[in-house]
Number of protein chains: 2
Amino acid sequence: MSDVARHAGVALGTVSNTMNNPDKVSEATRRKVQAAIAELGFIRNDAARSLATGTSSTIGIVLADLSNSFFVDIARGADATARQHGMNLIIANSDVDLAKQSMNISLFEESRVAGVLLAPLDTAYVRGSATLLRSTPLVLVNFAAESGHYAGVVADEEHGGYEAAQHLIGLGRTRLAFLGGPLLLTAVAQRLEGARAAVAANPGVTLEHIETRGLNIPHGRHAGQDILARGAGTFDGLVAASDLLAVGAIQILDGKPGFDVPTDLAVVGYDNNHFASESAIPVSTISQHGEEMGRVAAQLLMNEIQGGPTTIKQTVVIKPDLIPRRSSLGDAWRRD
Amino acid sequence: MSDVARHAGVALGTVSNTMNNPDKVSEATRRKVQAAIAELGFIRNDAARSLATGTSSTIGIVLADLSNSFFVDIARGADATARQHGMNLIIANSDVDLAKQSMNISLFEESRVAGVLLAPLDTAYVRGSATLLRSTPLVLVNFAAESGHYAGVVADEEHGGYEAAQHLIGLGRTRLAFLGGPLLLTAVAQRLEGARAAVAANPGVTLEHIETRGLNIPHGRHAGQDILARGAGTFDGLVAASDLLAVGAIQILDGKPGFDVPTDLAVVGYDNNHFASESAIPVSTISQHGEEMGRVAAQLLMNEIQGGPTTIKQTVVIKPDLIPRRSSLGDAWRRD
DNA sequence: CTGAAAGCGCTAACAC
DNA sequence: GTGTTAGCGCTTTCAG
């Protein structure tokens with residue numbers, strides 16, 4: 001930086017000021033300094049800067065699984081509001097690995113980011129590792145903080161499950177199945193609770209839980225075989241805990257006599273996975289609004305960064321919404 | 001850190017050593033120090049550390065579009081080899097925005113990462129911004145550096161296009177169409193070249209280019225309408241420049257008389273998009289091996305970080321591979 | 001605006 | 001192993 005100062009024929013402090021307090025520097029000298037910066041290819045050392053100021057203008061987000069478009073949406077939302085506040089967002093991927101998640105958190109902590117957003121692996125696996133961060137502001141995304149120690153934003157999973165089941169019931173379906181598991185995934189358990197609540201509110205409607213070992217397409221295909229074995233007419237409505245599950249089941253069932261989708265069996269998925277609308281039969285789904293969750297989470301983090309540790313740690317709940325498509329509406333649905 | 005030293009009853013230098021040169025410290029004192037660290041919740045300040053050493057153990061990757069699973073694969077591959085070398089990988093998303101891309105590069109440059117990987121927006125839009133980085137080692141992914149100033153890893157797009165067309169020709173198809181555009185996307189242009197080369201090598205086979213305005217599903221649907229208008233039998237094989245394009249076209253064409261896929265029209269896509277195997281008709285595709293590209297790119301970067309600026313800037317070419325599925329093989333194909 | 005200087009938290013080198 | 005110290009590149013303050 002002193003090179004720049006010499007090259008521009010100004011004082012070192014003036015160089016610093018043109019970068020940080022441009023209004024304290026006259027138009028003319030500012031341009032001289034910037035010319036020198038460009039000429040020398042000077043790049044300010046952010047490590048030294050944040051050492052000196054004790055602050056940083058970047059925030060980090062730790063994502064459970066980048067392969068899941070839901071998390072990418074969260075990151076995109078967080079990035080948008082971070083930029084609005086003049087901050088940068090950097091991402092670390094835990095890749096469904098608890099050890100990597102811890103490393104990523106430490107990484108951000110040690111590099112003294114202004115704050116961190118954490119979209120952790122599913123709750124059941126995390127509970128217990130209560131103390132996540134002490135000094136750095138931390139906001140949880142898609143995870144309900146137990147202790148109230150952290151601010152956060154979560155989706156109302158139960159509401160989503162309720163909406164899904166209620167949609168099918170509204171279409172006249174009475175013999176429902178809920179596809180999903182394992183139940184130690186709290187999101188799945190809550191979605192099931194919501195579906196049960198909808199059924200309980202509608203006399204004459206039944207719901208059976210078909211537990212799966214996971215939420216991916218192969219699990220859906222496996223469950224599809226089970227449903228097939230139960231015989232046509234056993235169910236006339238299917239709530240799947242994920243879009244992938246729904247697609248897998250549809251791949252097996254649709255076309256088989258007595259299992260036409262949606263005539264014999266109306267299907268609703270969950271997540272609004274990006275390809276759900278492009279699969280063999282576009283899947284009705286529950287959208288969790290990942291991008292909005294990211295925006296809100298980043299906003300909570302900004303509050304905390306500015307407000308200090310006294311800021312109240314609120315948890316914002318985002319309501320998911322139904323997006324009906326062909327798998328439940330049939331020909332009544334049309335693309336766009 | 002001096003707090004830790006006092007708390008453990010050792011010298012400041014010893015604390016530094018237990019973290020950086022554990023072998024220079026006796027077992028006993030090392031444990032004392034670590035206990036103090038845990039007790040005080042001490043977190044080493046990486047900004048100060050990298051200021052003092054002039055080095056960093058994290059590398060950054062700037063990705064053109066996180067929504068595209070190809071880039072996520074690249075990041076995953078890079079992360080794997082970075083960890084093998086004891087380094088951390090942080091990600092910044094350009095979100096198909098040139099301005100964000102520049103900001104992200106500067107961000108990493110200023111934070112003095114050990115090196116950066118850049119998977120940039122398509123070449124045509126980037127050419128000209130020749131000087132990307134001076135001081136920080138930089139390796140390009142999925143982009144052919146013109147000047148030889150940067151190391152890089154790219155896919156052999158022409159080979160991919162050749163393979164796709166050759167696959168159809170091998171199946172006895174003779175009236176091919178190539179779907180894709182705009183041609184100022186160099187990847188598309190090169191894939192088309194490859195397809196043309198395959199056709200030229202096989203007398204009696206023809207290929208017509210149907211230009212699209214983009215590579216997404218709606219563009220594919222639009223092109224599908226065009227093909228439909230041309231009448232049944234005009235084409236018997238279709239090479240699409242992306243899986244999304246292929247899916248869109250199939251959505252329109254399959255089922256229409258004379259357009260059964262693959263009987264009347266065999267289709268090959270490109271990218272091995274994660275959902276390509278789960279669409280209405282699983283799409284044959286060309287896989288670019290994103291994860292391997294990421295691994296190789298990170299390895300090149302490691303070489304450069306260790307070897308200094310004298311390291312030769314090589315460009316590694318990864319050959320894409322055909323993954324045949326139902327859209328070209330028909331019933332001969334079985335899942336897995 | 002200049003010029004000088006203290007200090008951010010750490011590493012690395014020194015004599016003991 | 002200890003205790004001390006210079007210095008990484010920047011910000012910030014102060015008198016002029």
Side-chain angles (χ1 to χ4, degrees), chain A residues 1-37 40-58 86 88 106-114 134-136, chain B residues 1-37 40-58 86 88 106-114 134-136:
Chain A
M1 213 164 95
S2 63
D3 286 353
V4 175
R6 201 177 321 123
H7 200 86
V10 301
L12 199 160
T14 306
V15 177
S16 176
N17 275 333
T18 64
M19 307 186 80
N20 305 318
N21 310 317
D23 36 312
K24 286 192 168 187
V25 181
S26 81
E27 173 73 28
T29 53
R30 203 188 321 161
R31 281 225 295 272
K32 269 196 306 185
V33 172
Q34 271 154 357
I37 287 177
L40 296 175
F42 168 78
I43 291 152
R44 84 128 96 38
N45 185 329
D46 199 61
R49 178 184 159 85
S50 78
L51 219 210
T53 61
T55 67
S56 163
S57 72
T58 107
N88 289 105
S106 307
L107 171 67
F108 284 144
E109 210 173 2
E110 292 185 1
S111 66
R112 293 292 190 276
V113 293
R134 5 187 165 250
S135 45
T136 312
Chain B
M1 211 163 96
S2 63
D3 287 352
V4 174
R6 201 179 320 124
H7 200 85
V10 302
L12 198 160
T14 308
V15 177
S16 176
N17 276 332
T18 63
M19 308 187 78
N20 303 320
N21 311 318
D23 36 312
K24 287 192 167 186
V25 180
S26 80
E27 171 74 28
T29 52
R30 203 188 319 161
R31 280 224 297 270
K32 271 196 304 185
V33 173
Q34 271 155 357
I37 287 177
L40 295 176
F42 168 78
I43 292 152
R44 84 126 98 40
N45 185 330
D46 198 62
R49 178 184 158 84
S50 79
L51 218 209
T53 62
T55 68
S56 163
S57 71
T58 106
N88 290 106
S106 308
L107 170 67
F108 285 144
E109 211 173 1
E110 293 185 1
S111 66
R112 292 294 192 274
V113 293
R134 3 187 164 249
S135 45
T136 312

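We name chains A, B, ... by the order of the sequence lines, and we start the count at 1 in each one. Since the structure is predicted, the reported quantities are computational estimates derived from the model, not experimental observations.
In this structure, B:L51 places its CG atom 12 Å from P of C:dG9, rounding to the nearest Å. Between the CZ atom of B:R112 and the C1' atom of C:dC10 there is a distance of 17 Å, given to the nearest Å. Distance A:E110 CD to C:dT11 P: 10 Å, rounded to the nearest Å. Put simply, CG on A:L12 is 13 Å from P on D:dC8, counting in whole angstrom units. Distance, A:N45 CG to C:dG9 C1': 14 Å, rounded to whole Å. Counting to the nearest Å, the P atom of D:dG9 and the CE atom of A:M19 are 15 Å from each other. Per the geometry, CZ belonging to B:R44 stands 11 Å off P belonging to C:dA12, to the nearest Å. Rounded to a whole Å, the CZ atom of A:R49 is 12 Å from the C1' atom of D:dG9.
Nearest to the side chain of A:T14, among D:dC10, C:dA12, C:dT2, sits C:dT2. With D:dT11, D:dG9, C:dC10 as the choices, the nucleotide that has an atom nearest any side-chain atom of A:A48 turns out to be D:dG9. The side chain of A:F42 lies closest to D:dC10 when the candidates are C:dC10, C:dT11, D:dC10.
Counting any heavy atom pair closer than 4.0 Å across all strands shown, A:N17 reaches no nucleic acid atom. Here A:D46 lies out of heavy-atom contact (under 4.0 Å) with every strand. Using a 4.0 Å heavy-atom criterion, one finds that B:T53 contacts the sugar-phosphate atoms exclusively.
The CD1 atom of A:I37 lies 11.0 Å from the NE2 atom of A:H7; values are rounded to the nearest 0.5 Å. Rounding to the nearest 0.5 angstrom, the gap separating the CG atom in B:L51 from the CZ atom in B:R49 is 12.5 Å. Remark: B:F108 CZ to A:T58 OG1 distance equals 9.0 Å, nearest 0.5 Å. For the atom pair CG of A:N21 and OG1 of A:T14, the computed distance is 11.5 Å after rounding to the nearest 0.5 Å.
Residues of residues 28-35 of chain B having a heavy atom closer than 4.0 Å to DNA chain D, listed by number: B:T29.
A donor-acceptor pair under 3.5 Å is formed between the side chain of B:N45 and the backbone N or O of B:A48.
Mapping A:N20 and B:A52 onto DNA chain D by nearest heavy atom places B:A52 at the nucleotide closer to the 5' end. If you find the closest nucleotide of DNA chain D to A:V15 and to B:V10, the one lying nearer the 5' end belongs to B:V10.
Heavy atoms only, all atoms of each residue included: A:S56 and A:V113 are closest at OG-CA, 4.0 Å.
Looking only at side-chain heavy atoms (C-beta outward), B:N20 and B:R44 come within less than 4.5 Å of each other.
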